[in-house]
Enquirer: 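Please see the structure below; I have some questions.
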There are 2 protein chains.
Amino acid sequence: MCIVKSNEHIGDRNVTPLSESEPAAGDTRSRPTMRHVAALAGVGVKTVSRVINGEPNVSAATIEKVNAAARKLDYQPDLHAGNLRRADGRTRTLGLLVGSVDNPFAGAVHRAVEDAAADRGVAVFASSLDDDPAREQEAVAAFLRRRVDGLILTTVSESQAYLAPELRRGTPVVFVDREPAGLTSDSVVSDNADGAALATRHLLEHGHRRLAYLGDRAGIQTARERRRGFLEELGRAGVATRDLPVVEGLHDEATAREATLALFAGDQPPTAIFSSQNLVTIGVIRALRELGRHHDTALVGFDDVPLGDLLDPGITVVAQHPQEIGRLAAERVFARLDGDEAPALRTVVPTTLIVRGSGELPPKAER
Amino acid sequence: MCIVKSNEHIGDRNVTPLSESEPAAGDTRSRPTMRHVAALAGVGVKTVSRVINGEPNVSAATIEKVNAAARKLDYQPDLHAGNLRRADGRTRTLGLLVGSVDNPFAGAVHRAVEDAAADRGVAVFASSLDDDPAREQEAVAAFLRRRVDGLILTTVSESQAYLAPELRRGTPVVFVDREPAGLTSDSVVSDNADGAALATRHLLEHGHRRLAYLGDRAGIQTARERRRGFLEELGRAGVATRDLPVVEGLHDEATAREATLALFAGDQPPTAIFSSQNLVTIGVIRALRELGRHHDTALVGFDDVPLGDLLDPGITVVAQHPQEIGRLAAERVFARLDGDEAPALRTVVPTTLIVRGSGELPPKAER
DNA sequence: TGTCCTCCTGACAACGATGTCAAAGGTAGG
DNA sequence: CCTACCTTTGACATCGTTGTCAGGAGGACA
């Protein structure tokens, strides 16, 4: 280390060669920087910075000169370069991880998040997960390397403990749809067990006792909750669940359709079906139509189905409110960014039963 | 170390105090930088940089030391800081602008783009437009301030000439769904006129002569193309178009429903309808059902309708292929980034007629 | 006229990384 | 033993911007 007190030689300070030539303002092929704008406007870069950022104490004449130069060069400030030095270090960027952006539920969440973000000049990275734990960690790492201000995550891996250091550093992380494991942080979820119970009660009230559960993989937390809600409601109603068909591991239309067909190939087909997910519901509908049983087998699905009201019968569902989930998640992230230090908050968004016909069909035997 | 080039005054150059203390490695609340990792590993920052980026000429022992330190600190490199200096200046980021991320067409495009991007370690910003020209420019500016490597845009404003300087700087811009105006650049679009003609021909072949066109606002380029395809096909068939109802300006279910009801309140209701868009198709379906005319009025929609095959009648549509559009758009962007200097390319993705019932209903009078 | 204050302005360091370059150490060949 | 060369390493400048700070201009006041 070489610290010297220089009082004497004012001479050779400032030896920095600096790029001799003024930045060429006319070159249209290279991206203009503040220095180009400053050179064209005949002011210092810091003054340009002040004008671009609307800082006070710049004369009207200077503001106009700078703006004219910026317009002429089609100058756009480099947000990331600024962030490097800026006090708050915010990139005005959010990372959103969903099952798949090509999926109505995720689309609605995304849209709500985007609306909240756009109001604040924040851009949103969206990434799809496809239920692949490896993708989850890669996507999160990709977000973090880009220094997003906050994360809104649908997760699928066993544990999110890997996020603990990031959380300690103050990055807000909000989990949507599914709750985190191995970590405590804000979450916004549907009331899965309650919604499933609601659907089940609805079917019980219409006289069904032989109910079937068709659901997603048990590894998914929401699927487990829905299954629990289904079974517990039956328990409360005093219906023996031992012999009722509980099929899990369905994750698309094809597998759900096959499972339904198999159910009706057995000797005791159900009089009512609770399907725990969007795509499963659609698979069930297809199977029931093929079997010609869609008018005598009751069906309530979890999560709404597009055009469910135009089908015959209309599809009764327990609807989630993805828009609301997205809105609340964004609200949570921004509250944290604004300094909210409260303990992790779990926000539960209630579900809504939408009656359309398929859930009100009476049991076949009683007809 | 104090290396000075000037031979005379070793004195007062290089007074940089430099942070005296080694960066505190233990502080878990601040984000670690390369200097932290370097200090912990006992090497220089440039060596850390080499290890992180997999550059050659680092000894195995050093690599291990650095990786251990990085792991211990949960270090994530700052991609944007690196880009500032990096030779290629790539942020490994793409900007995608669509009508609304909460919309099946956009979702499919988005997903295809994301898949292509993820393969290359590129993250995608997605933003919604809502047919608002002001939003278009704001969103593009937000992308550019973040220095995206390329843009994939659905546009709505009169002219995209404002992008010319950016294009000159070499930023790849690919337009999807709608072609640009006032600017020449790559585009990937459906064959709108051809698809509309296909739908129209289909209805003509089933004996209809009194066709109605229900479409989106004429300000939207694709809507104009579809209208043109409809009218031209009628012209080719020698059907007088003068008295046929051509309704425009519809952009959601409600307006489409009302327009349909109005059509049937007139004295010469159509025997067949061509609806030029997703939401319009659904509005028409609702109106026809209310009127009880869904089994005697033929309908072909442009763009697929979710669960269209499960409705009664099934909805015949001219389907677009958004996934393919997204895939090709991403391919174009990456080709440009990889140095493709060919003139702007217009890629047309053909449409497909999907026959499901509603388009094959014969004219009522002939029944 | 001198002092103080406010307004405006620009030089400079710093943010976290990478490109350049030179130095240190080792090995091989003469 | 010297030279040439390769491998490994780190000091330093730099990318485009903002924070800090100091200096100059101008007005108000004594």
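Keep in mind it's a predicted model, so treat the numbers as computed, not measured. Values below: every heavy atom of this structure, side chains too, minus hydrogens, waters and symmetry copies.
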Enquirer: Find the bend of the helix from C:dT1-D:dA30 to C:dG30-D:dC1 as the angle between its two terminal axes (five pairs each), to the nearest 10°.
Expert: 50°
Enquirer: Testing A:D130, A:L153, A:T155, A:T154 one by one against A:E136 for a side chain to side chain contact (heavy atoms under 4.5 Å, CB included), which residue passes?
Expert: A:T155
Enquirer: Please list all pairs passing the ring-ring contact (aromatic ring centres under 6.0 Å, His included) test where one or both residues lie in residues 76-100 of chain B, with sequence neighbours left out.
Expert: A:H80-B:H80
Enquirer: Roughly, in whole Å, what's the span from NE2 in A:H80 to P in C:dG16?
Expert: 15 Å
Enquirer: Listing request: all salt bridge (charged side-chain N to carboxylate O under 4.0 Å, His left out) pairs with a residue in residues 77-97 of chain A, at least two apart in sequence or in separate chains.
Expert: A:D78-B:R147
Enquirer: Expressed in angstrom and rounded to an integer, what is the separation of B:M34 atom CE from C:dA14 atom P?
Expert: 20 Å
Enquirer: Please state whether the phosphate of C:dG16, meaning OP1 or OP2, lies under 4.0 angstrom from any side-chain nitrogen or oxygen of B:Y75.
Expert: no
Enquirer: Checking B:F334 now: which residues fulfil ring pair (Phe, Tyr, Trp, His ring centres under 6.0 Å) with it, not counting sequence neighbours?
Expert: none
Enquirer: For a quick test of reading the model: is some side-chain N or O of B:S59 closer than 4.0 Å to OP1 or OP2 of D:dT9?
Expert: yes
Enquirer: Just how far, in rounded Å, is P of C:dT9 from CD of A:E55?
Expert: 13 Å
Enquirer: Touch check for A:P56, heavy atoms < 4.0 angstrom, all strands: base, sugar-phosphate only, or nothing?
Expert: nothing
Enquirer: Tell me whether the OP1 or OP2 atom of C:dT9 has a side-chain N or O from A:T62 closer than 4.0 Å.
Expert: yes
Enquirer: Not counting sequence neighbours, which residues clear side chain to side chain donor-acceptor pair (under 3.5 Å) with A:R120? List them please.
Expert: A:D338
Enquirer: Take the protein atom CZ of A:R35 and the nucleotide atom C1' of C:dG10, then report the distance between them rounded to whole Å.
Expert: 14 Å
Enquirer: May I have the distance from A:K65 (atom NZ) to C:dC8 (atom C1'), rounded to whole angstrom?
Expert: 11 Å
Enquirer: Quick check on contacts: within residues 44-51 of chain B, what sits under 4.0 Å from DNA chain D by heavy-atom distance?
Expert: B:G44, B:K46, B:T47, B:R50
Enquirer: Tell me, please, which residues at least two apart from A:E64 pass salt bridge (charged side-chain N to carboxylate O under 4.0 Å, His left out).
Expert: A:R71
Enquirer: To the nearest Å, how far apart are B:D78 CG and C:dC15 P?
Expert: 13 Å
Enquirer: Checking contacts here: which listed nucleotide (C:dC8, D:dT18, D:dG16) is nearest the side-chain heavy atoms of A:N57?
Expert: C:dC8
Enquirer: Mind checking ring pair (Phe, Tyr, Trp, His ring centres under 6.0 Å) for B:Y75 and listing every partner two or more places apart, or none if nothing turns up?
Expert: none
Enquirer: In whole angstrom, give the distance that lies between atom CD of B:Q76 and atom P of C:dG16.
Expert: 15 Å
Enquirer: Any pair with a residue in residues 43-55 of chain B that passes salt bridge (charged side-chain N to carboxylate O under 4.0 Å, His left out), sequence neighbours left out, goes on the list, sorted by first then second residue, please.
Expert: none
Enquirer: Tell me which residues in residues 83-93 of chain A put a heavy atom below 4.0 Å from DNA chain C, sorted by number, or none.
Expert: A:L84, A:R85
Enquirer: By the ring-ring contact (aromatic ring centres under 6.0 Å, His included) test, which pairs, at least two apart or in different chains, include something from residues 137-171 of chain B?
Expert: none
Enquirer: Could you tell me which residues satisfy side chain to side chain contact (heavy atoms under 4.5 Å, CB included) with A:V45, sequence neighbours excluded, listed by chain and number?
Expert: A:M34, A:R35, A:A38
Enquirer: Would you say the side-chain atoms of B:D149 and B:T91 include a donor-acceptor pair closer than 3.5 Å?
Expert: yes
Enquirer: Which whole-number value in Å describes the distance from B:N53 CG to C:dG16 C1'?
Expert: 13 Å
Enquirer: Does the distance from a Lys or Arg side-chain N to an Asp or Glu carboxylate O, for B:E341 and B:R336, drop under 4.0 Å?
Expert: no
